[in-house]
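One-based numbering, in listed order, for ligands and for the atoms of each.
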Amino acid sequence: MNLILVLGDQLDLSSSAFDDFDQTRDVVWMVEVQSEAVHVWNHKARITIFLSAMRHFRDELRRRGYRVDYRELDDKANKGSFSEELKAAIRRHKPQRVIVVEPGEYRVCEELKQATAKLEIRIDRHFLSTIEEFREHAKGRKQLRLEYFYREMRRRFKILMEKDKPVGGDWNYDDENRGSFPKAGPGLLPAPIEFQPDAITAEVIALVEKHFPNHPGKLENFNWPTTQAEAKLALDDFITNRLAHFGIYQDAMWTRQPWLYHSRISSSLNLKLLDPREACAAAQEAYERGEAPLAAVEGFIRQILGWREYVRGIYWLKMPGYLDKNALNASEPLPSFYWTGDTEMQCLRDAIGQTLDYGYAHHIQRLMVTGLFSLLVGVDPKRVHEWYLAVYVDAVEWVELPNTLGMSQFADGGIMASKPYAASGKYIQRMSNYCGSCKFDPAESVGEKACPFTTLYWDFLMRNEQKLRNVGRMDMQLRNLVRIEPAKKTAIAKRANELKESYR
Ligand SMILES: Cc1cc2nc3c(=O)[nH]c(=O)nc-3n(C[C@H](O)[C@H](O)[C@H](O)COP(=O)(O)OP(=O)(O)OC[C@H]3O[C@@H](n4cnc5c(N)ncnc54)[C@H](O)[C@@H]3O)c2cc1C
Ligand code: SF4
């Protein structure tokens with residue numbers, strides 16, 4: 001018999017793990033372990049979404065006639081460790097082969113290899129591109145850039161293509177994806193579909209509150225999809241009600257508006273409840289029906305067909321060394337308000353507050369508010385990574401790490417991004433209404449009213465000037481630095497040190 005391992009982010013009925021499954025003989029094995037729940041200081045919603053989706057998947061498999069050996073977290077016999085549980089399952093079932101699809105985390109993959117010599121790792125067909133194909137793409141290239149990979153993917157999967165030309169004539173409508181809301185705000189926003197906890201989710205919520213009471217985040221608002229059917233409804237809801245405005249407002253932010261025109265499908269995709277091909281096809285069809293403009297549809301497809309596949313490729317190409325990268329030698333601790341949202345900086349208060357409320361923040365909040373701030377402070381990228389891995393319902397290391405360590409912290413020295421995403425408070429002022437209700441002024445870099453982002457931005461450039469001289473596209477920012485008087489530079493450095501001291 002074969003033992004088929006299904007991990008928490010592998011809830012895919014068409015997974016290659018089931019290819020030759022024999023219902024008379026084979027057994028599916030799934031386990032909830034304490035060690036995974038506390039590997040980082042997980043948000044309660046992240047633990048809940050994984051456990052609830054796993055239990056729903058277990059029940060679906062059983063309905064379809066699969067034998068499932070499932071160990072719940074509070075089972076008295078649960079050994080609490082993934083490898084110990086696996087060894088015990090192997091002793092119980094005596095399988096000829098232990099089959100699993102590629103895990104989403106290097107550490108877990110190594111742990112599985114250590115636990116059994118009978119392991120057969122199969123390709124994860126959820127992704128459009130394989131790890132090996134990305135290696136081929138990367139071979140011989142001095143520099144990896146999304147744009148080349150994305151064009152290859154568009155051609156290969158014939159998405160938004162007219163013969164061999166991109167629909168509309170351009171590959172990329174990024175320039176049209178940078179709108180902000182007018183002063184009056186975004187107006188009436190379409191409320192996204194909600195999934196109120198069913199009996200299984202309610203049971204998991206109670207379990208999480210009991211076992212992880214001190215973990216960050218709230219569960220009162222938990223309404224994420226936990227089944228394939230719900231994930232499909234979430235996608236339909238986005239395509240019908242929000243896709244048309246996704247493009248223009250992709251980078252915009254607004255106080256107490258966590259969803260805006262975003263899709264909220266990342267957790268469904270990453271748990272494998274939703275197929276990325278289905279998401280891209282649904283967007284393309286909306287364009288063909290004339291229901292959404294090309295810039296919105298291309299922007300959305302670029303995130304899934306482009307970025308999502310690209311970051312996975314980078315992760316597996318660069319691990320395990322990637323985890324230890326720290327190109328800017330950043331060593332500050334993570335400010336403690338990242339776990340509470342308790343800060344006078346309105347942008348951080350809002351982005352962290354909603355993260356704790358929902359386990360969600362959209363891309364620009366992650367990149368240009370929380371990510372930008374830790375970059376400017378010079379927080380140790382590993383601590384930043386641990387926070388991002390812990391607090392989002394969609395966090396799995398293959399996608400979280402390159403986005404955090406590479407894109408937002410520039411710790412990989414330019415593998416993910418051609419230059420650091422460094423900006424002053426003026427960027428946040430342009431893209432949101434946060435600064436209007438903040439006690440700080442984004443135009444000021446010194447003095448009582450100085451916006452910490454602006455002070456720390458100049459300090460970041462001063463501290464890293466030598467390193468950044470070799471980084472293309474930083475010229476203009478460094479030229480602006482040269483224009484600052486020495487006395488002001490000293491004042492900025494002093495204020496920046498005081499700020500950093502206060503966050504330690
Ligand atoms: C520091 C940082 C950490 C991040 N951590 C994660 C993470 O742990 N898990 C995760 O799925 N995404 C992560 N992202 C990418 C992105 O922020 C989220 O995918 C997005 O905010 C999820 O919300 P949504 O489903 O509403 O996405 P939308 O804005 O509606 O985008 C549609 C889809 O595109 C994909 N996508 C968009 N941007 C990216 C990207 N940069 N990389 C990979 N896929 C992308 C996602 O699957 C997303 O669901 C991170 C980004 C940053 C800057
Ligand atoms: S002034 Fe600075 S700290 Fe305040 S909201 Fe704007 S960018 Fe954030």
Side-chain angles (χ1 to χ4, degrees), residues 9 46 104 146 177 192 224 234-235 238 242-243 246-247 249-251 253 255 258-271 274 276 279-280 283 299-312 314-315 343-351 359-375 381 384-385 387-409 416-417 421 423-444 449-457:
D9 63 339
R46 182 170 185 250
L146 168 83
N177 294 162
W224 294 102
L235 174 66
F238 166 69
R242 300 193 300 286
L243 171 64
F246 173 83
Y249 296 127
Q250 205 176 321
D251 288 3
M253 300 177 277
T255 307
W259 323 118
L260 299 170
Y261 291 98
H262 291 273
S263 67
R264 294 181 15 125
I265 59 165
S266 48
S267 57
S268 300
L269 284 168
N270 298 347
L271 296 177
L274 188 63
C280 292
F300 177 70
I301 289 177
R302 184 171 1 110
Q303 307 310 318
I304 295 178
L305 183 70
W307 279 112
R308 188 166 181 270
E309 299 278 332
Y310 183 73
V311 299
R312 179 175 184 254
I314 299 256
Y315 178 80
T343 164
E344 289 177 305
M345 292 176 270
Q346 287 304 319
C347 51
L348 281 160
R349 193 181 180 84
D350 192 68
Y360 178 90
H362 65 73
H363 187 68
I364 289 301
Q365 292 176 307
R366 297 189 204 194
L367 184 64
M368 299 307 287
V369 179
T370 43
L372 172 61
F373 193 72
S374 51
L375 170 77
V384 187
H385 148 65
W387 183 78
Y388 278 96
L389 187 61
V391 297
Y392 291 112
V393 289
D394 56 28
V396 186
E397 197 173 275
W398 64 264
V399 52
E400 175 278 324
L401 187 68
N403 269 301
T404 303
L405 200 126
M407 192 188 291
S408 89
Q409 302 302 297
M416 270 288 286
Y421 281 88
S424 73
K426 285 186 180 168
Y427 174 86
I428 294 173
Q429 185 180 38
R430 198 164 61 245
M431 299 309 296
S432 74
N433 68 337
Y434 291 139
C435 305
S437 58
C438 187
K439 69 178 262 196
F440 301 112
D441 180 351
E444 302 290 330
K449 291 192 74 176
C451 162
F453 279 82
T454 304
T455 309
L456 291 164
Y457 167 71

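- At a cut-off of 2.8 Å, C435 is not counted among the residues with an N, O or S atom near atom 8 (Fe) of ligand 2.
- Atom 39 (C) of ligand 1 has W307 CB, 4.0 Å as its closest protein atom, hydrogens excluded (heavy atom only).
- The nearest heavy-atom contact from the protein to atom 7 (C) of ligand 1 is D394 OD1, 3.3 Å.
- When atom types are taken as modelled, the side chain of R349 and the backbone of T343 share a donor-acceptor pair closer than 3.5 angstrom.
- Side chain of T404 to main chain of H385: no donor-acceptor pair is present (N/O by atom type, distance under 3.5 Å, no hydrogens or angles).
- Contact between I304 and P276 at its shortest, heavy atoms only, is CG2-CB, 3.7 Å.
- Residues D350 and V369 have side chains not in contact (no heavy-atom distance under 4.5 Å, counting atoms from C-beta outward).
- For the residues Q250, M407, H363, the heavy atom positioned nearest atom 16 (C) of ligand 1 is part of H363.
- Considering only non-hydrogen atoms, atom 37 (C) of ligand 1 lies nearest to Q303 out of R312, Q303, M416.
- Remark: of the listed residues E400, R46, R366, R366 is the sole one forming a side chain to side chain contact (heavy atoms under 4.5 Å, CB included) with Y392.
- Taking every non-hydrogen atom of C438 and a distance limit under 4.0 Å, the qualifying atoms of ligand 2 come out as 1 (S), 3 (S), 4 (Fe), 5 (S).
- Defined by atom type and a distance below 3.5 Å, a donor-acceptor pair is present between the side-chain atoms of T370 and Y388.
- Within the 3.5 Å criterion, the main-chain N or O of W259 finds no donor-acceptor partner in the side chain of R242.
- Of all the heavy atoms of S267, none lies under 4.0 Å from any atom of ligand 1, so neither backbone nor side chain is involved.
- Taking CZ of R264 as the start and CH2 of W224 as the end, the distance is 4.5 Å to the nearest 0.5 Å.
- Counting the atoms of ligand 1 from 1 in the order shown, those under 4.0 Å from a heavy atom of L269 are 47 (O).
- Protein heavy atom in closest approach to atom 11 (O) of ligand 1: N270 ND2, 2.8 Å.
- When the heavy atoms of C451, P452, A423, C347 are ranked by distance to atom 2 (Fe) of ligand 2, first place goes to C451.
- Closest of all the heavy-atom pairs between I301 and C280 is CD1-O, 3.7 Å.
- Heavy atoms of F246 come nearer than 4.0 angstrom to ligand 1 in at least one pair.
- Using modelled atom types and a 3.5 Å distance limit, the side chains of N433 and T255 yield a donor-acceptor pair.
- Less than 4.0 angstrom separates some heavy atom of A361 from each of these atoms of ligand 1: 21 (O).
- Listed by number with element, the atoms of ligand 2 under 4.0 angstrom from any heavy atom of Y434 are 5 (S).
- For T454 (side chain) and G425 (main-chain N/O), a donor-acceptor pair under 3.5 Å exists by modelled atom type.
- Residue-level proximity to ligand 1 for F300 is carried by the side chain, the only part with a heavy atom below 4.0 angstrom.
- Distance alone, capped at 3.5 Å, is enough to place a donor-acceptor pair between the Q409 side chain and the G371 backbone.
- Relative ring orientation between F300 and F246 is described as perpendicular, the plane-to-plane angle rising above 60° on a 0-90° scale split at 30° and 60°.
- Given atom 28 (P) of ligand 1, the protein heavy atom at minimum distance is S263 OG, 3.7 Å.
- Of all the heavy atoms of H362, the ones lying under 4.0 Å from any atom of ligand 1 belong exclusively to the backbone.
- Distances shorter than 4.0 angstrom occur between a heavy atom of Y388 and an atom of ligand 1.
- The nearest heavy-atom contact from the protein to atom 29 (O) of ligand 1 is H262 ND1, 2.8 Å.
- Taking each of V396, V399, N403 in turn, the one with a heavy atom nearest to atom 10 (C) of ligand 1 proves to be V399.
- Taking atom 33 (C) of ligand 1 as the reference point, the nearest protein heavy-atom neighbour is I304 CG1, 3.7 Å.
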Going through the distances and angles, do K449 and E444 end up as a salt bridge (charged side-chain N to carboxylate O under 4.0 Å, His left out)? CA-CA 7 Å; K449 291 192 74 176; E444 302 290 330; over 6 Å; no
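- The closest protein non-hydrogen atom to atom 46 (C) of ligand 1 is S266 CB, 4.2 Å.
- Residue Y360 places a heavy atom less than 4.0 Å from ligand 1.
- Distances from atom 44 (N) of ligand 1 to the heavy atoms of R308, R366, E309 show the closest one on R308.
- Listed by number with element, the atoms of ligand 1 under 4.0 angstrom from any heavy atom of L367 are 53 (C).
- Short contacts between ligand 2 and F440, defined as distances under 4.0 Å to a heavy atom of the residue, involve ligand atoms 1 (S).
- Distances from ligand 1 to the non-hydrogen atoms of P276 include no value under 4.0 Å.
- At a 4.0 Å heavy-atom cut-off, ligand 1 does not touch T370 at all.
- Between Q346 and S437, the shortest heavy-atom contact is CG-O, 3.3 Å.
- Annotation: side chain of Y434 is not in contact with side chain of M345 (no heavy-atom distance under 4.5 Å).
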